Protein chains: 2
Amino acid sequence: MGLPVRKSKLAPPPACPLTESLALLRGAWAPNVIWYLSGEPRRFGELRRDIPRISARVLSARLRELESRGLVSRHPLDTSPPSAEYALTELGRELLPAINALARVGQKLIAEWDSRASVGKMARVVG
Amino acid sequence: MGLPVRKSKLAPPPACPLTESLALLRGAWAPNVIWYLSGEPRRFGELRRDIPRISARVLSARLRELESRGLVSRHPLDTSPPSAEYALTELGRELLPAINALARVGQKLIAEWDSRASVGKMARVVG
DNA sequence: GCACCATGGTATCCAATGGTAACCATGGGC
DNA sequence: GCCCATGGTTACCATTGGATACCATGGTGC
């Protein structure tokens with residue numbers, strides 16, 4: 001048997017700006033993590049509670065990926081059960097306008113659903 | 001044998017605006033598809049060429065998902081090899097500001113890399 | 001000293017997603 | 001009759017993500 005064929009996995013010059021910024025956000029929950037870090041720095045357990053459906057495994061992986069991409073910085077704290085704080089870097093903050101734009105669309109969608117639901121149910125909720 | 005245990009897969013009210021808009025964009029290449037549809041309607045083969053690294057399988061799946069989410073509309077054409085055109089719906093257009101914000105970040109990143117590369121290479125590119 | 005707790009993870013296992021490549025259906029050109 | 005282009009679909013496999021259990025550290029109650 002010869003050598004196994006190496007599938008090149010080449011990533012030829014994309015240079016598509018959308019592809020570049022999406023590469024920063026790749027991975028499950030990445031935008032949510034950035035969203036919840038956009039205020040103050042937060043700790044691992046806080047982020048777990050912020051994003052209830054994330055698993056510790058994925059949160060851990062995502063934080064290390066975001067750190068390696070330069071979007072997030074990690075600061076271990078010398079507390080009794082050793083803990084750590086995560087914060088957005090300046091590069092991470094550059095993504096906030098885009099994430100805010102996404103959130104605005106989401107708010108609009110939620111508002112539309114709510115108004116239609118209240119119409120459909122004859123305004124069970126006061127409004 | 002009894003019924004297979006149904007893992008509830010519950011999606012309890014997230015109501016996080018970011019989660020809502022990301023649900024619209026879920027799936028590989030979804031933002032790119034919207035990006036390339038943001039001008040004129042485009043055909044399947046055109047999108048394949050626009051996004052060279054997408055596979056036909058995923059493009060097909062993504063278009064049908066985006067259609068079912070109401071972001072994209074499909075218009076079959078009565079041509080000799082039957083073809084189809086895809087266009088953004090109004091809901092799809094509401095995502096364009098967010099996608100443009102992402103693209104702006106990507107452009108900035110590319111510009112920074114370029115300028116650093118040209119400095120590192122002693123400005124091979126005139127600038 | 002020792003059990004027990006909280007924090008911040010890892011290890012293991014399985015399901016869903018995406019990629020590759022091959023194939024199919026239609027109708028026109030040669 | 002055969003091949004081609006378009007617009008997909010199918011089969012198969014690698015990677016990613018999720019659920020859950022577990023581990024390491026050090027503090028606290030006793």
Side-chain angles (χ1 to χ4, degrees), chain A residues 4-12 14 19 22-33 36-37 41-69 72-87, chain B residues 4-12 14 19 22-33 36-37 41-69 72-87:
Chain A
V5 175
R6 170 156 295 280
K7 302 254 182 127
S8 56
K9 283 290 179 199
L10 76 159
T19 301
L22 288 175
L24 294 178
L25 290 176
R26 187 155 38 195
W29 307 109
N32 303 72
V33 170
Y36 285 108
L37 289 179
R42 290 182 86 63
R43 293 168 44 176
F44 190 91
E46 291 174 326
L47 289 170
R48 269 187 91 169
R49 287 185 286 277
D50 291 337
I51 314 171
R53 294 157 58 73
I54 199 174
S55 66
R57 177 190 187 275
V58 170
L59 178 55
S60 175
R62 207 70 339 128
L63 285 169
R64 264 173 290 115
E65 282 179 20
L66 292 173
E67 196 188 353
S68 80
R69 289 175 199 153
V72 162
S73 57
R74 188 191 128 105
H75 307 282
L77 304 178
D78 202 5
T79 53
S80 134
S83 57
E85 246 185 11
Y86 297 87
Chain B
V5 176
R6 171 158 292 283
K7 300 254 183 126
S8 56
K9 281 291 178 198
L10 75 159
T19 301
L22 288 175
L24 294 178
L25 289 176
R26 187 157 38 197
W29 306 109
N32 303 71
V33 170
Y36 285 108
L37 289 179
R42 289 182 88 62
R43 292 168 45 175
F44 189 91
E46 290 174 327
L47 289 170
R48 268 188 94 170
R49 287 186 287 277
D50 291 338
I51 314 172
R53 294 156 59 73
I54 200 173
S55 63
R57 176 191 187 274
V58 170
L59 178 56
S60 174
R62 207 70 340 127
L63 285 169
R64 265 174 289 116
E65 283 178 20
L66 292 173
E67 195 187 354
S68 79
R69 288 174 200 153
V72 161
S73 57
R74 189 192 127 104
H75 308 281
L77 304 177
D78 202 5
T79 52
S80 136
S83 57
E85 245 185 13
Y86 298 88

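Letters A, B, ... are given to chains in the order of the sequence lines, protein chains preceding strands, and every chain is numbered from 1. All of these numbers come straight from a predicted model, not from anything done at the bench.
Rounded to whole Å, the distance from CG on B:Leu59 to C1' on D:dT10 is 16 Å. In this structure, CG of B:Asn32 is placed 14 Å from C1' of C:dG18, rounded to the nearest angstrom. Rounded to whole angstrom, the span from the CD1 atom of B:Ile54 across to the C1' atom of C:dA21 amounts to 16 Å. A:Glu65 places its CD atom 11 Å from the C1' atom of D:dG17, with the value rounded to the nearest Å.
Nearest heavy-atom pair, A:Ala84 versus A:Arg43, reported as atom, atom and distance to 0.1 Å: O-CG, 3.2 Å.
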Checklist outcome for this item: Scoring nucleotides 3-9 of chain D by protein non-hydrogen atoms under 4.0 Å (B base, S sugar-phosphate only, - none) yields ---SSSB
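B:Trp29 has a side-chain polar atom (N or O) that falls below the 4.0 Å cut-off from OP1 or OP2 of C:dG19. Phosphate contact (OP1/OP2 of D:dT16, side-chain N/O of A:Arg26, threshold under 4.0 Å): absent.
The shortest distance between side-chain heavy atoms of A:Trp29 and A:Arg53 falls below 4.5 Å. For the pair A:Asn32/A:Ile54, no side-chain contact is recorded, criterion being any heavy-atom separation below 4.5 Å from C-beta on.
Sorted by first and then second residue, the salt bridge (charged side-chain N to carboxylate O under 4.0 Å, His left out) pairs involving residues 54-64 of chain A (not counting sequence neighbours) are A:Arg62-A:Glu65.
Of the candidate nucleotides C:dG18, D:dG17, D:dA19, C:dG18 has the atom nearest to the side chain of B:Ala28.
We find the OG-CG distance between B:Ser73 and B:Leu37 to be 9.0 Å, quoted to the nearest 0.5 Å.
Here B:Ala56 pairs with B:Phe44, B:Arg48 under the side-chain contact (heavy atoms from CB on, under 4.5 Å) rule; sequence neighbours left out.
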